[in-house]
Amino acid sequence: MSRQMIVGNWKMNGTCQAAQALVAGLVGRLPQDSAEVVICPPFTQLASVADQLVGSFIGLGAQDCHQAASGAYTGDISAPMLADLGVSHVILGHSERRQGHAELDETVREKAVAAIHAGLTPIICVGETAEQRDANQHEDVLGWQIEGSLPAGFSGVLAYEPIWAIGAGRAATEEQIAQTMAFLRAELLRQFGEAGKAVKILYGGSVNAGNAPSILSIPEVAGALVGGASLDADAFLSIVGAASAS
Ligand SMILES: O=C(CO)COP(=O)(O)O
């Protein structure tokens with residue numbers, strides 16, 4: 001298994017002070033030869049966290065960006081602005097944005113193009129609802145999301161986050177994850193040919209210190225996108241410790 005990637009999505013939580021305490025609990029405790037680690041604080045905390053991460057092995061990500069580089073978009077943040085702060089990754093198309101902000105596949109794809117142009121690595125999220133899985137439509141839905149949201153030749157990170165497992169306290173089963181990972185890889189190869197091989201696929205949805213070892217040992221799981229458990233330094237470090245470092 002190659003080096004895995006653990007991404008912490010802090011969502012809309014915390015103050016700059018709380019972020020500093022959390023980061024202080026991570027840097028220094030993370031061995032240099034650990035899995036790849038990226039933390040994604042809210043926009044307001046990025047600048048101070050960027051300063052704190054100088055000299056550490058932790059990468060910095062944002063939770064969204066606008067598709068335009070600049071312009072009359074009140075309240076939005078562009079990919080070049082993130083790159084300017086030292087951000088290296090950006091989560092795009094999270095289900096909380098697809099649903100909460102009616103974000104379409106096409107918009108996610110435009111954002112990914114903007115992110116890549118600015119030198120950022122997009123982490124594009126896909127996932128089905130409980131109703132879609134119950135109706136056995138999840139593979140269709142995921143195939144369409146990949147087709148609509150990933151730019152041609154995409155070689156970034158794909159995060160499979162079944163919506164019903166997010167914040168649920170119960171992750172998808174190992175069998176569900178393994179089957180879906182195999183489907184996603186096949187779909188990437190079908191849609192993108194050779195380029196589809198380079199895409200890393202993460203699992204997200206109620207990953208915690210307890211279930212991380214079994215989830216991260218599933219073939220094709222290149223890492224995890226962690227929500228709630230990334231707000232606790234001990235829990236996050238133990239998830240990182242469960243990930244393959246080489
Ligand atoms: O949405 C998620 C990460 O992007 C998952 O959140 P939880 O780990 O809190 O379920």
Side-chain angles (χ1 to χ4, degrees), residues 4-14 18-19 22 26 35-43 45-46 49 58-65 82 87-101 103 108 111-112 115 120-130 132-133 138 141-142 145 149 156-174 176-177 180-181 184 199-216 218 221-243:
Q4 291 180 311
M5 179 181 198
I6 305 297
V7 182
N9 176 7
W10 293 4
K11 307 194 179 181
M12 192 176 72
N13 289 294
L22 181 48
L26 298 175
E36 185 179 359
V37 177
V38 177
I39 53 174
C40 305
F43 289 132
Q45 299 162 23
L46 285 171
V49 171
I58 302 176
L60 184 62
Q63 300 173 18
D64 185 39
C65 71
L82 296 174
V87 168
S88 56
H89 291 71
V90 60
I91 298 171
L92 296 173
H94 192 282
S95 59
E96 287 153 15
R97 296 203 59 85
R98 288 180 183 269
Q99 297 190 322
H101 298 260
E103 208 167 276
V108 176
K111 289 181 174 191
L120 306 178
T121 300
I123 301 168
I124 300 183
C125 303
V126 295
E128 80 283 359
T129 63
Q132 289 162 341
R133 182 160 278 267
H138 52 288
V141 169
L142 294 169
Q145 286 179 342
S149 314
V157 182
L158 181 68
Y160 168 55
E161 295 208 310
I163 296 171
W164 45 272
I166 295 176
R170 226 182 72 205
T173 65
E174 283 175 50
Q176 287 169 324
I177 297 173
T180 309
M181 287 288 159
L184 291 170
V199 177
K200 284 185 190 168
I201 315 177
L202 311 183
Y203 168 79
S206 295
V207 175
N208 57 40
N211 61 24
S214 55
I215 290 175
L216 291 168
I218 298 170
V221 172
L225 179 52
V226 184
S230 71
L231 295 170
D232 179 290
D234 292 341
F236 191 63
L237 285 172
S238 92
I239 294 170
V240 174

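Because the structure is predicted, anything quoted here is derived from the model rather than measured. Just so you know, ligand 1 is whichever comes first in the structure, and atom 1 is the first atom listed for that ligand. Along the sequence shown, residues are numbered consecutively beginning with 1.
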Here's a test for you: under side-chain contact (heavy atoms from CB on, under 4.5 Å), which of L26, V226, V37 qualifies with V240?
V37

Please report whether ligand 1 has a polar contact with N9, defined as an N or O pair separated by less than 3.5 Å (distance criterion only).
yes

Do any nitrogen or oxygen atoms of G228 come within less than 3.5 Å of a nitrogen or oxygen of ligand 1?
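There is such a contact, yes.
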
Under the side chain to side chain contact (heavy atoms under 4.5 Å, CB included) rule, what do M5 and T121 come out as? Steps first, then yes or no, please.
CA-CA 13 Å; M5 179 181 198; T121 300; 5.7 Å; no

Those residues that, when tested against E103, pass salt bridge (Lys or Arg N to Asp or Glu O under 4.0 Å) (two or more places apart):
R97, K111

Please list the nearest protein heavy atom to [atom] with its residue and the distance rounded to 0.1 Å.
atom                    : result
atom 2 (C) of ligand 1  : E161 OE2, 3.1 Å
atom 6 (O) of ligand 1  : K11 NZ, 3.3 Å
atom 8 (O) of ligand 1  : G227 N, 2.9 Å
atom 10 (O) of ligand 1 : G167 N, 2.6 Å

Note: K200-E36 ion pair, threshold 4.0 Å (strictly below)
yes

Determine yes or no for a side-chain-to-main-chain donor-acceptor pair under 3.5 angstrom, with E161 supplying the side chain and S95 the backbone.
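Between the backbone of S95 and the side chain of E161 there is no qualifying donor-acceptor contact (under 3.5 Å).
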
Any non-hydrogen atom of S206 lying under 4.0 Å from ligand 1?
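Yes, S206 has a heavy atom closer than 4.0 Å to ligand 1.
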
Under 3.5 Å side-chain donor-acceptor pair for H94 and Q63:
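There is no such pair (donor and acceptor under 3.5 Å, judged by atom type) between the side chains of H94 and Q63.
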
Find all atoms of ligand 1 within a distance of less than 4.0 Å from any non-hydrogen atom belonging to L225, and give their numbers and elements.
3 (C), 4 (O)

